[in-house]
There are 2 protein chains.
Amino acid sequence: MSEVGSTRKRADARRNEAALLEAAAAAFVASGVDVPVRDVAARAGVGVGTIYRHFPTRADLVVAVYRHQVETCADAGPALLAEHDSPGEALARWLDLFVDFLVTKHGLAEAIRADDPSSSALHTYFVDRLVPVCGRLLDAARDAGEVTSEIGAYGVLRGVGNLCIGAGDDPRYDARSLVALLVAGLRAPA
Amino acid sequence: MSEVGSTRKRADARRNEAALLEAAAAAFVASGVDVPVRDVAARAGVGVGTIYRHFPTRADLVVAVYRHQVETCADAGPALLAEHDSPGEALARWLDLFVDFLVTKHGLAEAIRADDPSSSALHTYFVDRLVPVCGRLLDAARDAGEVTSEIGAYGVLRGVGNLCIGAGDDPRYDARSLVALLVAGLRAPA
DNA sequence: GGACAAAACGGAACATTGTTCCGTATCATC
DNA sequence: GATGATACGGAACAATGTTCCGTTTTGTCC
C-alpha cells in the first residue's frame with residue numbers, strides 16, 4: 001500500500017488534520033490566536049476530540065499553523081547578515097521582520113509569553129528556533145562594535161516580543177516605534 | 001449617628017472590606033495578582049459574593065490594593081524632576097521606580113495590559129494616573145534636547161509595562177536591562 | 001464482498017475561574 | 001426586642017481548555 005516513509009495514517013485522519021490547520025488559520029485571522037478551541041472545531045466540521053488527537057494542546061495547534069512562517073523568519077537571519085555590510089543593520093531588519101510577523105497575528109505575542117504554562121510548547125518552539133538566529137546576528141553586531149550591551153539573544157527576542165503585546169488593539173500604541181527605540185538603545189555607543 | 005462625611009456603611013461591611021484588602025494583598029504576594037477570587041475570599045474568611053459587593057470586578061480589587069503605591073509612584077515624578085538637573089535623568093529614574101514596582105508584583109504587568117477587557121478598570125487607572133506624570137517628564141526632557149523621539153507618554157509607559165511582563169518567572173529574562181536599553185534609545189541623539 | 005480489529009471520531013462531561021443571584025443572617029434604629 | 005434595610009454566603013451560571021469513552025470509519029484479509 002505504498003506507505004511512503006512515515007505516511008501510514010488513515011485517510012480520514014490526514015484529511016481532518018489538513019482541514020483543522022486550514023480552519024485554525026482562518027479562525028486565527030478572524031478572531032485572533034486566542035479563539036476558543038470549540039470554534040476552530042466547528043469551523044473545521046469536527047469534534048473537539050479530533051483536535052486534541054492531532055494537537056495535544058492548544059499551543060501545538062498554534063505552532064503547527066505558524067511553523068512555516070517562523071521557519072521563513074529564521075531563514076531570513078543569515079540572508080540578511082550576508083546582504084548587509086553592517087551586522088547591526090541586519091539585526092535591525094531581522095527584528096523588523098519578527099515584529100511584522102507578530103503584530104499581524106492578533107494575539108500571538110501574548111501567546112508566546114513564557115509565564116503561561118499552557119502555552120509552553122509555543123514558547124519553546126519560538127525560542128528554540130529563533131534565539132540561535134538572533135544570537136548569531138547579535139554576535140556579529142557585537143564583533144563589529146555596533147552593539148556594546150551585554151544582553152543576550154533570549155532577552156532581546158523576548159523584549160521585542162513583549163513590546164508587540166497588544167499591538168493593533170490600541171491606536172495609541174505603536175509597537176514598531178518602541179522596538180525602534182530598543183534597537184536604537186542596542187546600537188547606541190556605550 | 002455621627003456619620004462623618006461618607007462613612008455610613010455598616011460596621012461589618014467596613015470590617016470585611018479591610019479584611020479583604022489585607023487578604024488580597026497577602027494572596028497577591030503569595031500567588032501573584034492572578035490568584036483566583038475564591039482564594040482571596042477564603043483567605044479573608046468571606047464568601048465570594050462579599051468580594052463582588054465591595055469590588056464590582058476583580059480588577060477593582062487589584063486597583064484598591066495597589067492604589068497607594070501607584071500614587072506614591074505618581075508623586076515621585078515631579079520630585080525627581082525637581083531634584084535632577086537633567087530631565088532625561090529624572091525620566092530614567094522615574095521609569096526605574098515604575099519598573100521596580102511592576103516586577104515585584106507578580107503578574108501585575110500582565111494584568112494592566114489594555115487588550116484584556118476584564119481588567120480595563122485596572123488599565124484605565126494606571127493610564128489616568130501615570131501617563132500625565134510620564135508626559136511631564138518626557139516633555140521636560142524633550143525641551144532640554146535630551147529626547148528627540150516623537151513617541152508619546154502613553155507609548156513609553158505601555159512599552160515599559162510590556163517589558164515587565166513575565167519578569168521574575170524566568171532567570172534568563174531581565175526586564176530592567178531591556179528597559180535600560182529602551183531608555184538609552186530614547187535619550188540617544190537623533 | 002464481507003468480517004474484523006485497529007484507528008479515529010464526536011461530543012458529553014470535568015475542572016477552573018470570573019461573575020451573578022437570592023434566600024438568610026446581621027446590624028442599626030426605635 | 002421588633003423591624004426594615006443592609007450585607008453575607010455560597011450555590012449556580014457562563015466560558016474555556018482538556019479528557020474520556022461509546023460509536024463510527026477505515027484498511028486488511030479471506
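Every chain is numbered from 1 and lettered A, B, ... according to where its sequence line falls, protein lines coming before strand lines. Everything numeric here is computed off the predicted structure, so don't read it as measured data.
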Provide the closest heavy-atom pair for V33(A) versus R58(A) in the form atom of the first, atom of the second, distance.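 Result for this residue pair: O-NH2, 2.6 Å.
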List the atom of G161(A), the atom of F98(A), and the distance in Å for their closest heavy-atom pair.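 Of all heavy-atom pairs spanning G161(A) and F98(A), the closest is N-CE2, 4.2 Å.
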If you go through the side-chain atoms of R10(A), does one of them form a donor-acceptor pair with the base of dA7(C) closer than 3.5 Å?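 Pair found.
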Under-4.0 Å side-chain N/O to phosphate OP1/OP2 contact, [X] with [N]:
X	N	result
R53(B)	dT6(D)	no
N16(A)	dC9(C)	yes
H54(A)	dC9(C)	yes
T50(A)	dA8(C)	no

Residue D85(B) excluded, over 12 heavy atoms near CG under 6.0 Å: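 Atom CG in D85(B) is not crowded, with 12 or fewer foreign heavy atoms closer than 6.0 Å.
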Q69(B) atom CD, over 12 foreign heavy atoms within 6.0 Å: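 Count over threshold, so yes.
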Go through it in stages, so that I can follow the logic: the residues are D75(B) and R129(B), the test is salt bridge (Lys or Arg N to Asp or Glu O under 4.0 Å), and I'd like the CA-CA distance, side-chain angles, deciding distance and then a yes or no. CA-CA 10 Å; D75(B) 291 342; R129(B) 198 66 189 85; 3.8 Å; yes
Of the candidate nucleotides dA8(C), dG9(D), dC27(C), which contains the atom at the shortest distance from the side chain of V46(B)?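 Selected nucleotide (nearest to the side chain): dG9(D).
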Which of the following nucleotides, dC8(D), dA7(D), dA8(C), is nearest to the side chain of K9(B)?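 Closest nucleotide among those given: dA7(D).
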List the protein contact pattern of nucleotides 13-18 of chain D with one symbol per nucleotide (5' to 3'): B for base contact, S for sugar-phosphate-only contact, - for none; contact means a heavy-atom distance under 4.0 Å. ---BBB
Could you state the interatomic distance from OH (Y154(A)) to CZ (R172(B)), rounded to the nearest 0.5 Å?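 It comes to 4.0 Å.
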From R10(A) CZ over to R15(A) CZ, what is the distance, rounded to the nearest 0.5 angstrom?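 Here the interatomic distance stands at 9.5 Å.
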Tell me the interatomic distance from [X], atom [atom1], to [N], atom [atom2], rounded to whole angstroms.
X	N	atom1	atom2	result
R14(B)	dT6(D)	CZ	C1'	13 Å
R15(A)	dA8(C)	CZ	C1'	11 Å
F55(A)	dT19(D)	CZ	P	16 Å
D12(A)	dG27(D)	CG	P	7 Å
I51(B)	dG18(C)	CD1	C1'	11 Å

Using the closest heavy atom to pick a nucleotide of DNA chain D for each, name whichever of G47(B) or A11(A) lands nearer the 5' end.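 Its nearest nucleotide lies further toward 5', so the answer is G47(B).
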